[in-house]
Asker: 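Take this structure, written in C-alpha cells, and hold onto it; I'll ask about it next.
In this text the structure is predicted, and so the values were computed from the model without any measurement. Chain letters run A, B, ... following the sequence lines, proteins first, then strands; residues in each count from 1.
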Amino acid sequence: MIDKTNKTASNNDENIAMSDEQQTIQNITDQDYKYGFVTDIEMEEFPKGLDENIVRMISAKKNEPEFMTEWRLKAYRHWRKQKEPKWPKLEYSEVDYENLYYYAAPKKDGPKSLDEVDPELLKTFDKLGVPLEERELLAGVAVDAVIDSVSVATTFKGKLGELGIIFCPISEAIREHPELVKKYLGTVVPYTDNFYATLNSAVFSDGSFVYIPPGVRCPMELSSYFRINASKTGQFERTLIVADKGSYVSYLEGCTAPMRDENQLHAAVVELIALDDAEIKYSTVQNWYAGNKEGVGGIFNFVTKRGLCGGKNSKISWTQVETGSAITWKYPSCILKGDNSVGEFYSVALTNNYQQADTGTKMIHQGRNTRSLIISKGISAGKSNNAYRGLVKVNSKAENARNYSQCDSLLIGDQSGAHTYPYLEVENPTAQVEHEATTSKVSEDQIFYLNQRGISTEDAVGMIVSGYAREVFQQLPMEFAVEAQALMSVSLEGSVG
Amino acid sequence: MLSIKNLQVSVEGKPILKGLNLEVNPGEIHAIMGPNGSGKSTLAHVLSGREGYSVDAGSAQYKGLDLLEMAPEIRAREGMFLAFQYPIEIPGVNNTSFLKKALNEIRKHRGEEELDAIDFLSLIKKQMKLVEMKEELLKRPVNQGFSGGEKKRNEILQMAVLNPTLAILDETDSGLDIDALRIVAGGVNKLRSPNNSFVVITHYQRLLDYIVPDFVHVLSNGQIIKSGTKELALELEERGYDWLLEEAESKA
C-alpha cells in the first residue's frame with residue numbers, strides 16, 4: 001500500500017506559494033487522505049510504474065479469461081519497444097511513465113457533498129445548466145461514477161435486453177460475452193497501432209461495450225460520462241461498439257476531470273464496427289480539465305478513435321466538441337472498407353490560454369463508391385495553438401470515391417495560432433477530392449455590433465463562436481448541443497479583454 | 001435627452017471633434033449634415049461607445065447619465081440605438097435569435113420579464129411590416145447574404161423591435177435606392193413619438209424629404225458651424241457646403 005499522507009506532504013513542499021483557492025482544494029484532499037476511508041479495494045492499489053506483473057495483476061483483478069491476459073501482455077511487450085511520437089505540433093514536458101499508477105480502483109478522495117466542492121467548479125456547472133444530480137457526478141461526489149454508463153445501463157437494461165442490445169462496462173463484457181470481445185477487440189485498433197493505443201491495450205481499466213443485434217434500431221441515445229478521479233493516475237478507457245447488419249446506434253460520450261495542478265495522462269481507445277447497412281453515430285463533448293490560465297496542470301489527452309465501415313452501405317459519423325485538456329491528440333477516423341460506405345467527421349476544437357490541440361481525422365477509402373465528409377472548425381484564443389491534421393486516402397481499388405473537406409480556423413486575439421495540415425493520398429484516378437480551408441478572426445466590429453444591441457462582450461463572443469461552429473453543433477443531439485454551446489462560452493471566458 | 005457640451009475627441013492623436021455642442025430634447029429629430037471627413041461618423045461612434053476614440057475634453061449626458069462612462073451594452077440597454085452605416089455580418093448566428101437575445105437583455109435591464117419565443121415572434125412579425133422585409137430574412141444569419149438595402153432594412157427592423165429612446169442613424173440612406181429609402185424612412189416615421197428622439201446623420205438632403213427634421217446642424221472640421229430648421233437642408237442642397245465653410249472661416 002502506498003503511504004498517501006507522505007505523498008501529499010511532499011506535494012505541499014513543492015507548492016509553497018499556493019493560492020488560497022488551491023489551498024482550499026488541497027485542504028479537502030488532505031482531509032480525505034487523513035480520514036482514509038480505506039476500503040479493501042484501496043488496500044490493493046498497485047504500486048507505481050509498469051511491468052508484466054502489473055499487467056497480470058490488472059487482468060487478474062478483473063477476473064479476465066486467459067486470452068485477454070495474453071493480449072494485454074503482448075501489447076505490453078510491444079509497448080516496451082515503442083517511442084512516444086514526436087510529430088504532432090505539441091510541446092509538453094515528457095510523461096514519466098514509471099511514475100504513474102496504472103491501476104487505481106475507485107478511491108474515496110473526492111468531496112463528500114456539493115458543499116465541499118470548489119465553488120469555481122460549481123459556478124461553471126451553473127453556467128452550463130448541468131442538472132444537480134449530474135453536477136454531483138461531475139464533481140466527483142459519487143465516487144463510482146468513473147463510468148456513468150453502468151447506471152444508465154442498469155436503468156434501461158430490461159428494455160435494451162428485450163431487443164438483444166448489450167450495453168455494459170467492457171470489463172463485464174469480457175467476462176459475460178467473451179466470444180464477442182474476442183471476435184472484435186483490436187480488429188480496428190490493433191494493439192500494435194501506436195504508442196498510446198498499445199499502452200492502452202496493456203493496461204486499460206474499463207470503458208463501455210455496446211452490441212446492437214442485426215436489424216435493431218437502438219431506441220435511445222446511449223451515453224457515458226468519463227471522469228478522471230485519482231491523482232497521479234493514468235486513465236485508460238477502452239470502448240468497443242459493434243453494430244451488426246442493418247442496425248443503428250447513437251452513442252454520446254462526455255468527459256470531465258477535477259482541477260489539479262499536475263498533468264494527468266488520458267490514453268483511451270475507441271473502436272467502432274459497422275457491418276452491412278449499419279450506422280453508428282458517435283458524439284463526444286470533451287471537457288477534461290484544461291489547466292489554469294498560466295498553463296499549469298490539465299489533462300494530456302492522447303486518444304485513438306477509429307471506426308470500421310466493414311459492411312456495404314454502412315455509415316460511421318463522428319462528432320466531437322473538444323474544449324478541454326491541456327493537450328489534445330486525437331484523430332477519430334473511418335476505414336471505408338464496405339462498398340458504398342460513408343464516413344463523416346464533424347469537429348469543433350476550442351483552445352484557450354495555453355491549451356494545445358492537434359486533432360483531425362483519417363478517411364481511408366478502400367471500397368467502391370465510398371464517400372467521406374470532413375467539417376472541422378478550430379477556434380484558438382489566448383496563447384493557445386490549434387492544429388487540424390487530416391488524411392484522405394483513396395486506395396487503388398476504391399473506384400468512384402468522393403471526399404469533401406472543409407477546415408476552418410477562427411482566431412480570437414492576436415496571440416493564438418491556427419495550423420492546418422491536410423494530407424492527400426490518392427491512388428485511384430476516379431476519385432473526387434475537394435478541400436476548402438478558411439481562416440478568420442472574431443472582429444472588433446462584430447463584438448461592437450452585438451454590444452450596441454445590448455449584448456455583453458462575453459455573450460457576444462459566445463454567440464459569434466457558436467455561430468461559427470453551428471454546422472457541427474447541428475449534428476449533436478439537442479441537449480448535448482445546448483450544453484456544448486454553453487461550454488464554449490465558459491471555455492472562452494476572459495479570452496477577450 | 002442628450003446634452004453634448006464642448007466635446008473634443010481624437011483618434012490616434014489626431015483631433016476629429018473640436019468642441020461640439022448639441023442639445024436634443026424628447027420627441028425631436030435632429031439632422032446632422034456635413035462634408036466627408038467632418039466628424040459625423042466619429043460622433044455616432046463616440047456616442048455609442050465604440051473603442052479607439054479618445055475623449056480629450058467635454059461631456060455627453062444621456063437622460064442625465066454620464067454617457068461616456070458607460071459600456072456600449074449599457075448604453076444600448078438604456079435605450080440608445082445606433083443604425084450602422086455598414087451593418088456587420090455575423091455568420092451562423094440566426095437573425096431572429098440574435099434580436100430576441102438583444103431585446104431580452106434590454107428588458108432584463110429594465111426589470112421587465114423576458115419575452116418567450118412565441119411572444120417575440122408575434123412582435124417581430126408585426127414590426128417587419130413596417131420595413132416591408134421578407135420573412136425569409138429572419139431565418140438567415142445576421143446580415144449574411146443580405147443585399148445592401150436588406151441590411152439597412154434589417155437595421156430599422158432591429159430599431160423597431162428594440163424601441164429605443166434615442167436612435168442615431170449613421171448615413172442610413174447611403175447605398176439605398178429611392179424605394180428602399182422611402183421604406184426605411186417610413187419605418188422611422190412610424191416609430192416617432194413625443195418620448196423618443198432621433199439623430200439622423202446624412203450626407204444628402206434627400207433623406208430629409210422623407211424624415212422631416214426639427215433641426216438641421218452642419219458639422220464641419222469637428223464643430224457645428226451652423227444650425228437651423230429643415231429649410232437649411234434645402235439651402236444646402238441648392239448651394240452646397242462651400243459657402244458655409246467660407247462663412248465659418250471668415251468668422252474665425
Side-chain angles (χ1 to χ4, degrees), chain A residues 321 346-348 350 375-379 406 408-414 436-476 478 481-482 484-486 488-489 492 496-497, chain B residues 44-53 70-95 97-110 114 140-144 151 154-155 157-159 161-164 166-168 170:
Chain A
V321 175
Y346 298 93
S347 168
V348 173
L350 184 153
I375 305 283
S376 163
K377 304 271 184 179
I379 300 154
Q406 187 187 323
D408 297 328
S409 307
L410 185 70
L411 297 167
I412 300 174
D414 52 11
E436 283 183 31
T438 66
T439 302
S440 52
K441 283 193 83 165
V442 171
S443 73
E444 282 179 21
D445 283 345
Q446 289 175 325
I447 294 171
F448 177 64
Y449 190 72
L450 296 174
N451 282 161
Q452 213 301 308
R453 298 300 184 249
I455 297 164
S456 70
T457 299
E458 201 173 301
D459 286 354
V461 173
M463 278 174 90
I464 293 165
V465 168
S466 295
Y468 162 79
R470 197 173 62 119
E471 271 173 282
V472 176
F473 286 143
Q474 280 172 337
Q475 296 299 321
L476 290 171
M478 193 58 166
V482 172
Q485 293 204 25
M488 305 268 280
S489 298
L492 280 172
V496 175
Chain B
H45 287 157
V46 169
L47 293 180
S48 53
R50 201 188 166 114
E51 277 182 34
Y53 298 90
M70 293 154 78
E73 62 268 29
I74 304 299
R75 300 181 202 202
R77 291 173 198 168
E78 285 287 344
M80 177 182 264
F81 180 91
L82 172 66
F84 283 62
Q85 183 178 2
Y86 304 108
I88 307 296
E89 296 183 7
I90 306 182
V93 176
N94 175 270
N95 207 20
S97 49
F98 148 69
L99 196 45
K100 176 166 169 274
K101 166 90 177 161
L103 179 64
N104 280 332
E105 287 296 330
I106 293 167
R107 291 179 68 96
K108 251 194 306 195
H109 184 76
R110 290 196 205 126
E114 294 182 40
R140 291 226 220 123
V142 180
N143 292 324
Q144 210 186 19
K151 282 183 184 172
N154 199 28
E155 293 292 291
L157 170 69
Q158 292 174 38
M159 184 171 83
V161 169
L162 301 180
N163 193 21
L166 175 65
I168 302 164
D170 187 8

Asker: Counting only heavy atoms closer than 4.5 Å, note whether P164(B) contacts chain A via side chain, backbone, both or neither.
Answerer: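 For P164(B), neither part sits under 4.5 Å from chain A.
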Asker: For Y86(B), is the OH atom crowded, meaning more than 12 foreign heavy atoms sit under 6.0 Å from it?
Answerer: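 Open.
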Asker: So, for G454(A) and A76(B), which heavy atoms are closest and what is the spacing to 0.1 Å?
Answerer: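 Of all heavy-atom pairs spanning G454(A) and A76(B), the closest is N-CB, 3.3 Å.
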Asker: Which atom pair, heavy atoms only, marks the closest approach of R77(B) to S456(A)?
Answerer: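 In this case the closest contact between R77(B) and S456(A) is NH2-N, 3.6 Å.
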Asker: Taking all heavy atoms of V93(B) and all of M463(A), pick out the closest pair and write down the distance.
Answerer: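 V93(B) and M463(A) have their closest heavy atoms at CG2-O, 3.2 Å.
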Asker: Is it true that N143(B) and Y449(A) share a donor-acceptor pair across their side chains at a distance under 3.5 Å?
Answerer: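 Looking only at side-chain atoms, N143(B) and Y449(A) do form a donor-acceptor pair, the distance falling under 3.5 Å.
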Asker: Give the member of H109(B), M80(B), E78(B), R75(B) that has the highest number of heavy-atom pairs under 4.5 Å with chain A.
Answerer: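 Between H109(B), M80(B), E78(B), R75(B), the count favours M80(B).
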Asker: Name the one of L450(A), N451(A), I447(A) that satisfies side-chain contact (heavy atoms from CB on, under 4.5 Å) with P72(B)?
Answerer: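 For P72(B), the side-chain contact (heavy atoms from CB on, under 4.5 Å) check succeeds only for N451(A).
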Asker: Relative to chain A, which segment of F98(B) carries a heavy atom at a distance below 4.5 Å: side chain, backbone, both, or neither?
Answerer: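 Its backbone and side chain both get close to chain A.
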Asker: Could you tell me if the side chain of S443(A) sits less than 4.5 Å from the side chain of E89(B), heavy atoms only?
Answerer: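 The answer is no, as the side chains (C-beta and beyond) never meet within the 4.5 Å cut-off.
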Asker: At a heavy-atom separation under 4.5 Å, does I106(B) approach chain A through its side chain, its backbone, both, or neither?
Answerer: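 Side chain only.
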Asker: Using only atom types and a distance under 3.5 Å, with no angle test, would you say the side chain of E73(B) pairs donor to acceptor with the backbone of R453(A)?
Answerer: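 Judged by distance alone, no pair lies under 3.5 Å.
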Asker: Which pair of heavy atoms, one from G49(B) and one from F448(A), lies closest together, and at what distance?
Answerer: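 Result for this residue pair: C-CE1, 3.7 Å.
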Asker: For L162(B), is it the side chain, the backbone, both, or neither that has a heavy atom closer than 4.5 Å to a heavy atom of chain A?
Answerer: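 The side chain, not the backbone.
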Asker: For a 4.5 angstrom cut-off between non-hydrogen side-chain atoms, does D445(A) reach R50(B)?
Answerer: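 The answer is yes; the side chains approach within 4.5 Å.
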Asker: Write down the atom of Q446(A), the atom of I90(B), and the distance for their closest heavy-atom approach.
Answerer: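 Looking at all heavy atoms of both residues, the shortest contact is NE2-CA, 4.1 Å.
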Asker: Applying salt bridge (Lys or Arg N to Asp or Glu O under 4.0 Å) as the test, list every pair that has at least one member in residues 461-470 of chain A; sequence neighbours left out.
Answerer: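 Qualifying pairs, neighbours excluded: none.
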